[in-house]
Enquirer: 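I'd like to ask some things about the structure below.
No experiment lies behind these values; they were computed from the predicted model shown.
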Amino acid sequence: MSNIQAENLVKSFGNGEAAVVAVSGMSFHISTGEFIGIMGESGAGKSTLLGMLGAMNAPTSGRLMVDGIDIYGLTNEKRADFRREYLGFVFQGFHLIPYLTVLENVMLPLAVCSGSRKEKRGMAMEALSKMGLSDKADRLPGEISGGEKERVAVARAIVNEPPVLLADEPTGSLDSRNSRDIMSIFQKLNSSGITIVMVTHSEECARYAERILFVADGKLVGDRPGARVCQN
Ligand code: ADP
């Protein structure tokens, strides 16, 4: 389950005349299993919104409810638990640790979870296998291609099987062929039940979403069905 309800979310930075209102009153609902694209010009408030959805950035006002729980009403510790159990994150650029192997990078989010090293290794190998990267497990990030690095980043995001995947420009560093690969992986993950919320500038990527939220000047200005390209 991962029903997400944003209730009049506002986020401002700074005070007085210097204050910037990055998100100014957004309300929407995302149902379990949706694949959402968030689009809008640079500076529109997309990343700020994603940070709030990611339980990383408290709204100035408004509420974020997930399965009936007020996320910013939780203690910091409980919110960290929520983040760990519910959410996977993929950001632009891969943020892999260069001196750890691909496998060790994917195992990182499991460091704070219970379970033996063998179990965690098994989970990481399974995530890599879903990305078609089983044979790259022992390589260092410097020894694989950009498209493969992004797939490692996705494997790391889903290794603990979160119900929700949040992605900020996941194809921003990739060429069009690798972008298509990542989008078809997202579509498969979504078909297996993961809710996906993806910020993207790319019309091409947005076509893979089933619903697109358009953001301008911190407001939600459109909420339309996406094209939902079905490949494979
Ligand atoms: P987008 O992701 O759509 O490019 P952002 O959410 O990054 O937009 O930014 C929305 C607005 O909020 C911009 O005007 C940006 O400069 C401002 N902003 C974002 N983060 C901060 C911050 N930490 N401090 C001050 N202003 C910020």
Side-chain angles (χ1 to χ4, degrees), residues 1-9 11 22-23 26-42 44-59 62-72 79 82-93 95 109 150 153-172 179 182-216 218-229:
M1 285 283 286
S2 52
N3 278 293
I4 299 167
Q5 180 80 37
E7 297 177 358
N8 205 16
L9 289 178
K11 179 73 187 182
V23 169
M26 288 195 201
S27 298
F28 53 85
H29 180 86
I30 297 174
S31 300
T32 302
E34 281 196 286
F35 185 169
I36 305 281
I38 298 180
M39 297 194 80
E41 301 280 308
S42 193
K46 305 179 298 296
S47 297
T48 304
L49 173 62
L50 203 70
M52 287 193 278
L53 296 178
M56 293 184 288
N57 196 357
R63 284 200 310 180
L64 177 72
M65 307 294 289
V66 178
D67 292 342
I69 298 166
D70 178 357
I71 296 308
Y72 291 98
R79 193 159 54 251
F82 164 81
R83 231 176 358 247
R84 200 162 48 238
E85 285 162 26
Y86 262 71
L87 305 174
F89 296 92
V90 181
F91 298 104
Q92 180 175 0
H95 303 286
E150 190 67 40
V154 178
R156 184 181 51 190
I158 60 151
V159 69
N160 57 345
E161 302 186 342
V164 180
L165 182 65
L166 301 177
D168 198 353
E169 298 283 0
T171 63
S179 298
I182 290 291
M183 285 304 99
S184 87
I185 284 169
F186 272 30
Q187 212 160 42
K188 274 191 206 139
L189 291 171
N190 180 240
S191 304
S192 74
I194 298 186
T195 305
I196 299 181
V197 183
M198 171 179 76
V199 167
T200 183
H201 271 108
S202 157
E203 296 277 350
E204 188 59 35
C205 292
R207 291 171 63 228
Y208 288 78
E210 62 182 338
R211 183 177 152 211
I212 304 179
L213 303 178
F214 293 90
V215 173
K219 294 195 166 62
L220 193 59
V221 294
D223 182 346
R224 295 178 216 149
R228 190 124 181 106
V229 178

Enquirer: With rounding to the nearest 0.5 angstrom, report the CZ to CD1 distance, Phe89 to Ile158.
Expert: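 Phe89 CZ to Ile158 CD1: 15.0 Å, rounded to 0.5 Å.
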Enquirer: Specify whether His95 and Phe91 have parallel, tilted or perpendicular ring planes, treating 30° as the upper limit for parallel and 60° as the lower limit for perpendicular.
Expert: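 Geometry flag for Phe91 against His95: perpendicular rings.
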Enquirer: Minimum heavy-atom separation for Pro162 and Ala157, please, with both atom names.
Expert: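 For Pro162 and Ala157, the tightest heavy-atom pair comes out as CG-O, 3.5 Å.
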Enquirer: Are any non-hydrogen side-chain atoms of Lys11 and Leu49 less than 4.5 angstrom apart?
Expert: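 The answer is no; the side chains never approach within 4.5 Å.
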Enquirer: Side chains of Tyr208 and Asn190: is there a donor and an acceptor less than 3.5 Å apart?
Expert: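 On atom types as modelled, these side chains do not qualify, holding no pair under 3.5 Å.
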Enquirer: Compare every heavy atom of Gly37 with every heavy atom of Ala209, then report the nearest pair and how far apart it is.
Expert: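 Shortest heavy-atom contact: CB-N, 3.6 Å.
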Enquirer: Give me the atom names and distance for the closest heavy-atom approach of Leu165 to Leu189.
Expert: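 Scanning both residues, the minimum pair turns out to be CD2-CD1, 4.1 Å.
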Enquirer: Nearest 0.5 Å please: distance from the CG atom of Leu166 over to the CD1 atom of Ile4.
Expert: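 It comes to 7.0 Å.
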Enquirer: When rounded to the nearest 0.5 angstrom, what distance separates OG in Ser27 from CD in Gln5?
Expert: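 Answer rounded to 0.5 Å: 7.5 Å.
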Enquirer: Between Lys46 and Met198 (side chain of the first, backbone of the second, donor and acceptor by atom type, cut-off under 3.5 Å), is there such a pair?
Expert: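 Absent.
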Enquirer: Using salt bridge (Lys or Arg N to Asp or Glu O under 4.0 Å) as the criterion, list what pairs up with Glu34, not counting sequence neighbours.
Expert: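 Once residues adjacent in sequence are excluded, the partners of Glu34 under the salt bridge (Lys or Arg N to Asp or Glu O under 4.0 Å) criterion are Arg211.
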Enquirer: Would you compute the distance between atom OG1 of Thr200 and atom CE of Met183 and round it to the nearest 0.5 angstrom?
Expert: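 The distance works out to 7.0 Å.
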Enquirer: To the nearest 0.5 Å, tell me how far Met26 CE sits from Leu53 CG.
Expert: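 Output value for this atom pair is 9.5 Å.
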Enquirer: State, to 0.1 Å, how close Leu87 and Gly54 come at their nearest heavy-atom pair, and which atoms those are.
Expert: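 Between these two residues, the closest heavy atoms are CD1-O, 3.5 Å.
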Enquirer: Check the pair Arg224, Met39 against side-chain contact (heavy atoms from CB on, under 4.5 Å), reporting the backbone distance first and the verdict last.
Expert: CA-CA 11 Å; Arg224 295 178 216 149; Met39 297 194 80; over 6 Å; no
Enquirer: Before giving the answer on side-chain contact (heavy atoms from CB on, under 4.5 Å), spell out for Ser179 and Glu204 the whole-Å C-alpha distance, their side-chain angles and the decisive distance to 0.1 Å.
Expert: CA-CA 9 Å; Ser179 298; Glu204 188 59 35; over 6 Å; no
Enquirer: Between Arg83 (side chain) and Ala55 (backbone), is there a donor-acceptor pair under 3.5 Å?
Expert: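 Yes, because the side chain of Arg83 sits within donor-acceptor range (under 3.5 Å) of the backbone of Ala55.
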Enquirer: Taking C-beta and beyond as the side chain, do Pro109 and Arg84 meet within less than 4.5 Å on heavy atoms?
Expert: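 Pro109 vs Arg84: side chains apart.
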Enquirer: Restricting to non-hydrogen atoms, name the atom on Pro170 and the atom on Val199 that form the minimum distance, rounded to 0.1 Å.
Expert: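 Answer, listing the atom of Pro170 first, then Val199: CD-O, 3.6 Å.
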Enquirer: To the nearest 0.5 Å, what is the distance between CG (Asp67) and CG (Asn3)?
Expert: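 If we round to the nearest 0.5 Å, Asp67:CG and Asn3:CG are 5.5 Å apart.
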Enquirer: Heavy atoms only: give me the nearest Gly45-Val23 pair and the separation to one decimal.
Expert: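 Result for this residue pair: O-CG2, 3.7 Å.
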